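This is a predicted model, so every value here is computed, not measured.
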Amino acid sequence: MLKVLKYLKKSAISVSIIIILLCIQAAVDLALPDYTSRIVNIGIQQGGIQNVAPEVIRKTQMENLLLFTKDNNEILENYTLLTKQELSQQEYERYIKKYPELKNQELYKLKKLTKQELEKLDNIIARPLIQLSILDNEHQQEQIKQKIIQELPEEQKTLIERMTLIEIIKQMPEEQLDKMLEQTNEQLDEMMGTILEQAAIAQTKKEYEQIGMDLDKLQNNYILLAAIQMLTIALISMIAAVSIMFLSSKVAARLGRTLRDKVFEKVLKFSTKEFREFSTASLITRNTNDIQQIQMLITMLFRVVVYAPIIGIGGFIRVLTNSDSSMAWIIGLAIICIVGVVLILFIIAMPKFKKLQELIDKLNLVAREILTGLPVIRAFNKERKEEERFDIANKDLMQTNIFVNRAMSIMMPALMFIMNSIMLLIVWVGGHGVEQGIIQVGDMMAFIQYTMQIVMAFLMISMISIMLPRAAVSAKRINEVLDSKMSIKDEKNPKSFDERKKGLVEFKEVSFRYPDADTEILTDINFVAKPGETTAIIGSTGSGKSTIINLIPRFYDVTGGELLIDGVNIKQVSQKELRDKIGFVPQKGILFSGTIESNIKYGNPNMSDEQMEEAAKIAQATEFIQAKPEKYKTPIAQGGSNVSGGQRQRLSIARAIAINPEIFIFDDSFSALDLKTDAELRAALLEKTKDKTVIIVAQRISTILNADQIIVLEEGKIVGKGKHEELMKNCETYAQIALSQLSKEELE
């Protein structure tokens, strides 16, 4: 898989932008639960009051507050006393609107503090505020007052009963006051952190009411600001997500295009040996379906590889820092359950993914064979049998697909069950924590969100695990093509052809065996094909005629001896230069979808129309071309299926003639022509190729009667060489072939 991913270098900038956007999206997504917690805890429960330390407090209340702490100076140095005398008229009027109680008494206003200073002040002032809240509760006041009176002598009780609790506390001896504070602090120590903070903030809220502050406005402003911040964060996350998907799709599509180009470029360089190793159906599947699997994976990969770990790790860190860590074990339990489900399904399904791609290959192979051989199938009335063969391949693929899909379809319900169970567990454990004052409701909600983010990160990883095995198999199959060693390749420093021996083809003791064969197909082949002459090759079926001419353009390399063109061993020159010298007409006329013009000009699209028409005239194709309404613009279907066999052969010959090569090779290319057209074509060709080397493989004796040199093959060996008259006398094999086709009178 990593070998395939190296082609992402071309999209390095896009990949970098994707990673940056993923980090931004993860950061803003991780911030949202914290805002939810604040809205619930501060905006709703605390009425928008963020800190324990009052923003403003009455002077009398401050004096009472200082009775319950020894940190008087540390508290007072953080407040400024607001008096009418020290304030300008404009400032006074502004403060009056905000703090109406300023009309009746002086107020202390909190200075601008740093976050650390404010937290320190909150810790100092929290306990005195709670102790001060007791003074606002008449029932508790009476209880404390009676307790103090019981400890006094009888003569003092009457006097004390007339005093308020705060007056009593102010007149207490320092030792007695310290003892009372110590007892109160012991009771406060039993209170949990969140309960202590909530109680202190409740007292701050009461103080704001006494001052006349608009608490509804304070609460609404806080919630509105938090909502705007959340909407902004959500908008950033949405923009980042859309941009990421757009860029990921673009990167994946570019990688798919690159891989298709690389695979196709490699396949074009394959010799027949490599084509035997990879079937045509398999190569098509590798260049389409396999690359599509990788493309689909890449589209999702960045979100998982980058985003999921950031969300997972970041969420876990925030849980430990921003929430109560006593529930962190729930996340660990969720992760263990999810990983367990994914691993089990991965082990079950992984072997089937490899088989799946092989079955697609098989289905493509069967379909290709049936479609290609449809005329034969119909001729032998074997439609039912071929339907059954296709049905078997199709059913095998279907059953494997069903197994894989069933296994993977279990994953999502199982993971959703785990996720919902974890949510219930958090509510259960968190509910007890809220009841005991360990955590606040908002913190529990934030914990649920963080947990869901972490679980979703693992869900994303589990989803990619469905695609990864199949894509890994596809990547391996693509690498098999890209890493395959070429049996025919150019030398690093290829030689140039000798222009003095232009068109000369020499076989010197050439032998050849197919890569998977045990015996030689050709043995000790020696002959020379000269420019201006026609060399014909004839022999019985399987004698090696087509093999010989396939060696000339290096469709195969000789395994013994030397094959020289223009005086140079063809292994020492570049394949492009070699094939530029050859006009090859295969045994089966192959045309490409397009027009007659595009097929004739296939070897040189820039040739003039005059050259094209001359080539068609020599190939005896003008007659049927002119008979068509669109002439040379007549459409040609794939494989030339909309023209006859003879017309396909003539257009193939015209295509070879049009490039005006040094060497013409005709591999039984006249077999589909009638005798009259055959004779006319050879006569026209003789004039065109008078200074060219012509090599013809033929079954008809009439085609090669006038050849300058006839090579007779039998079982891969040359058993005769010479002109027609010589071979009739000296070569029994040739004579038998000739007499089987023509009478003695016709041969003389």
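When atom types are taken as modelled, the side chain of T204 and the backbone of V52 share a donor-acceptor pair closer than 3.5 angstrom. Counting only distance, with no hydrogens or angles, the side chain of D122 and the backbone of A53 share a donor-acceptor pair below 3.5 Å. Under the 3.5 Å distance criterion, the side-chain polar atoms of T114 are matched with a main-chain donor or acceptor of E117.
Under the rule for a side-chain hydrogen bond (donor to acceptor under 3.5 Å, both in side chains), T451 has no partner lying at least two apart in sequence or in another chain. With sequence neighbours left out, R58 forms a salt bridge (charged side-chain N to carboxylate O under 4.0 Å, His left out) with E207. By the side-chain contact (heavy atoms from CB on, under 4.5 Å) test, S249 is found to be paired with T299, residues two or more places apart in sequence or in another chain being considered. With sequence neighbours excluded, the residues that form a salt bridge (charged side-chain N to carboxylate O under 4.0 Å, His left out) with R38 are D34. Taking the salt bridge (charged side-chain N to carboxylate O under 4.0 Å, His left out) definition, one finds that E106 meets it with K59, sequence neighbours left out. Under the salt bridge (charged side-chain N to carboxylate O under 4.0 Å, His left out) criterion, K84 pairs with no residue, sequence neighbours left out. Scored by the side-chain contact (heavy atoms from CB on, under 4.5 Å) test, S421 finds F417 as partners (sequence neighbours excluded). Under the side-chain contact (heavy atoms from CB on, under 4.5 Å) criterion, K10 pairs with T258, sequence neighbours left out. For K98, the side-chain contact (heavy atoms from CB on, under 4.5 Å) test picks out E55, with sequence neighbours left out.
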Please report, to 0.1 Å, the donor-acceptor pairs under 3.5 Å made by any side chain of residues 73-80, with sequence neighbours excluded.
residue, atom, partner, partner atom, Å
N78, ND2, E74, O, 2.7
Y79, OH, P54, O, 2.8

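When side chains are defined from C-beta on, I42 does not count as touching I49, because their heavy atoms never get closer than 4.5 Å. Looking at heavy atoms from C-beta onward, I422 lies out of side-chain contact with M419 at the 4.5 angstrom threshold. In this structure, the side chains of L255 and Q295 stay at 4.5 Å or more apart for every pair of heavy atoms. Within the 4.5 Å cutoff, side-chain heavy atoms of L118 are placed close to those of L110. Residues V56 and Y208 meet the side-chain proximity criterion, which asks for heavy atoms closer than 4.5 Å.
Annotation for A253 and R260: closest pair O-NH2, 4.4 Å, computed over non-hydrogen atoms.
Among pairs with a residue in residues 216-242, those fulfilling side chain to side chain donor-acceptor pair (under 3.5 Å) read D29-S237, at least two apart in sequence or across chains. For the side chain to side chain donor-acceptor pair (under 3.5 Å) condition, the pairs that include at least one residue of residues 85-97, sequence neighbours left out, are S88-E91, Q89-E93.
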